[in-house]
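Only one structure is covered here, and it is reproduced in the block below.
This one's a predicted model, so the numbers in the text were calculated from it and none came from an experiment.
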Amino acid sequence: MNCEFERISRNGLTFYRSSAWAGLRHGIFTRQGGVSNGIWSSLNLGASIGDDSQAVRENHARLYAALGVNAQRATSCWLVHSTDVIVVGEPKNGQQLPKADCLLTDLPDTPLVMRYADCVPLIAFDPVKRAIGLAHAGWRGTVQGMAATLIKALRKTYHCQSSDIEVLIGPAISRRNYQVGEEVAQQAHAYFGESAQVIWRDPVTGAAHFDLWRANLLDLQRRGVNKAQVVDICTHDNTREFYSHRAEAGRTGRFGVAVSL
């Protein structure tokens, strides 16, 4: 995947996208250009973290307008740090959000939308089968194989070939800022193997740090995906552009990622 990233400003909003996916409407949106105030300033897409509901709705409307996608057909889910997958058919107005961390569709004009604040966005596109997927991988999802589950679901549902699937691994908390407990390190070793080097040890303190980008990239590669690239922007170090749960001690918003055929 020969990928260059573009930083786009449109309608007062700023987002990142892949120039290799010129025919696919997608964006990793920064926190800039919204109407939320206080700790949620400004383009907060999270509706269940205390922000004003009208502000969140307006932020969603602005995101859809900037990306040029159909707000009436946008589909999301209630993120629960699982590896559950929802195959999106015709969206239903007023439908309660299902609990899941992965969405798939091959329907045109049907945006998939998720929210993040340090966890890893995974955007998948098969240009042959014309199918897309969007997933959310925190440490729990990563050690349960969210990336592998995304690829298996695309293969099973739309008969995609791993060699055709292209994946963007979006901005997330970097290894240097993501110290974890020994129980997390043990689960990472159990899934990936100690030789995978997804856990880094501070040479002074011995503290474990989890490399979420490396872990998800490795999981994809083990499933035969050879067209994957990391947007290596650390959310913890870039709170002017992205929300970070760790850097902001949990008092923050959620930035949005959207993709639509």
- For residues Val231 and Phe5, report the shortest heavy-atom separation together with the two atoms involved. CG2-CE2, 3.4 Å
Pairs under 3.5 angstrom only: tabulate donor-acceptor contacts from the side chains of residues 131-145 to other protein residues two or more places apart or in another chain.
| residue | atom | partner | partner atom | Å |
| --- | --- | --- | --- | --- |
| His136 | ND1 | Asp101 | OD2 | 2.8 |
| Thr142 | OG1 | Gly138 | O | 2.7 |
| Thr142 | OG1 | Asn216 | ND2 | 3.2 |
| Gln144 | NE2 | Arg140 | O | 3.1 |

- Message: Taking the side chain as everything from C-beta on, heavy atoms only, tell me whether Leu63 gets closer than 4.5 Å to Leu45.
- Response: yes
- So do the side chains of Tyr191 and Asp219 get within less than 4.5 Å of each other, counting heavy atoms only? yes
- Output yes when a side-chain donor or acceptor of Ser19 lies under 3.5 Å from a complementary backbone atom of Glu4, and no otherwise. yes
- Task: Apply side-chain contact (heavy atoms from CB on, under 4.5 Å) to the pair Leu168 and Arg17, showing each step before the final yes or no.
- Result: CA-CA 9 Å; Leu168 287 185; Arg17 71 181 182 188; over 6 Å; no
Residues 119-130 side chain polar contacts: donor-acceptor under 3.5 Å, at least two apart:
| residue | atom | partner | partner atom | Å |
| --- | --- | --- | --- | --- |
| Asp126 | OD1 | Val128 | N | 2.8 |
| Asp126 | OD1 | Lys129 | N | 3.2 |

- Task: Give a yes or no on whether Val198 and Leu220 share a hydrophobic cluster (residues Ile, Leu, Val, Met, Phe, Trp, Tyr; joining criterion: side-chain heavy atoms under 4.5 Å apart).
- Result: yes
- Item | Nearest atoms (heavy-atom pairs only) where Thr252 meets Ser244 | CG2-O, 3.8 Å
- Is there side-chain contact between Val35 and Asn59, with at least one heavy-atom pair below 4.5 Å? yes
- Message: Please determine whether side-chain hydrogen bond (donor to acceptor under 3.5 Å, both in side chains) holds for the pair Arg25 and Ser260, giving the CA-CA distance in whole Å, both sets of side-chain angles, and the decisive distance to 0.1 Å.
- Response: CA-CA 5 Å; Arg25 296 191 177 184; Ser260 180; over 6 Å; no
- Query: Looking only at atom types and distance, does a side-chain atom of Arg57 sit under 3.5 Å from a main-chain N or O of Ala47, one as donor and one as acceptor?
  - Reply: no
- Arg155 and Ser162: side-chain donor and acceptor closer than 3.5 Å? yes
- Quick one: do Lys99 and Ser82 satisfy side-chain contact (heavy atoms from CB on, under 4.5 Å)? Show the steps, please. CA-CA 9 Å; Lys99 294 180 180 180; Ser82 69; over 6 Å; no
- Asp118 side chain vs His245 backbone, donor-acceptor pair below 3.5 Å: yes
- Query: Is there side-chain contact between Glu248 and Ile39, with at least one heavy-atom pair below 4.5 Å?
  - Reply: no
- Distance-minimising heavy-atom pair for Ile233 and Trp213: O-CZ2, 3.4 Å
- How long is the gap from CZ on Arg31 to CZ on Arg240, to the nearest 0.5 Å? 10.5 Å
- Query: Do the side chains of Tyr16 and Tyr116 join up, straight or via other hydrophobic residues, at under 4.5 Å, putting them in one cluster?
  - Reply: yes
- Task: Output yes when a side-chain donor or acceptor of Arg214 lies under 3.5 Å from a complementary backbone atom of Gln197, and no otherwise.
- Result: yes
- Query: Nearest heavy-atom pair of Gly253 and Asn44: which atoms, and what distance?
  - Reply: CA-OD1, 3.3 Å
- Quick one: pull up CD in Glu241 and CZ in Phe255 and give me the separation to the nearest 0.5 Å. 10.5 Å
- Identify the two heavy atoms, one from His26 and one from Trp21, that lie closest to each other, and give their separation to 0.1 Å. CE1-CB, 3.4 Å
- Message: Distance check, rounded to the nearest 0.5 Å: Thr30 atom OG1 versus Ile8 atom CD1?
- Response: 12.0 Å
- Would Leu150 end up clustered with Val225 when hydrophobic side chains under 4.5 Å apart are linked, directly or stepwise? yes
- Note on the structure: In short, Ala153 meets Val85 closest at the heavy-atom pair CB-CG1, 4.1 Å
- Query: Does the pair Thr110 and Leu261 meet the rule for a side-chain contact (heavy atoms from CB on, under 4.5 Å), with working shown?
  - Reply: CA-CA 7 Å; Thr110 306; Leu261 291 168; over 6 Å; no
- Answer whether the closest heavy-atom distance between the side chains of Asp202 and Gln179 falls below 4.5 Å. no
- Hey, could you give me each pair passing side chain to side chain donor-acceptor pair (under 3.5 Å) that has a residue in residues 60-69? Not counting sequence neighbours. Glu58-Arg62, His60-Tyr64
- Query: Do the side chain of Trp40 and the main chain of Gly46 share a donor and acceptor less than 3.5 angstrom apart?
  - Reply: no
- Query: Out of curiosity, Ile165 CD1 to Leu154 CG, how far, rounded to the nearest 0.5 Å?
  - Reply: 5.0 Å
- Query: Trp200 and Ile173: same hydrophobic cluster, using ILVMFWY side-chain contacts below 4.5 Å?
  - Reply: no
- Message: Is it the case that over 12 heavy atoms from other parts of the model lie below 6.0 angstrom from the CZ atom of Arg201?
- Response: yes
- Check whether Leu107 and Leu24 end up in the same hydrophobic cluster, where Ile, Leu, Val, Met, Phe, Trp and Tyr are linked by side-chain heavy atoms less than 4.5 Å apart. no
- Query: Is there side-chain contact between Val257 and Val113, with heavy atoms separated by less than 4.5 Å?
  - Reply: no
- Task: Verify the distance criterion only: is there a donor paired with an acceptor across the side chains of Arg115 and Ser76 at less than 3.5 Å?
- Result: yes
- Nearest-0.5 Å distance that lies between atom CG in Leu13 and atom CD in Gln32: 9.0 Å
- Task: List the steps, then state whether side-chain contact (heavy atoms from CB on, under 4.5 Å) holds for Glu166 with Ser18.
- Result: CA-CA 11 Å; Glu166 304 173 4; Ser18 167; over 6 Å; no
- When rounded to the nearest 0.5 angstrom, what distance separates OG in Ser174 from CG in Leu212? 9.5 Å
- Any donor-acceptor pair under 3.5 Å linking the side chain of Ser42 with the backbone of Gly33? yes
- Query: Tell me, do Phe210 and Ile199 make a side-chain contact under 4.5 Å, heavy atoms counted?
  - Reply: yes
- Side-chain touch Pro171/Ile28, heavy atoms, less than 4.5 angstrom: yes
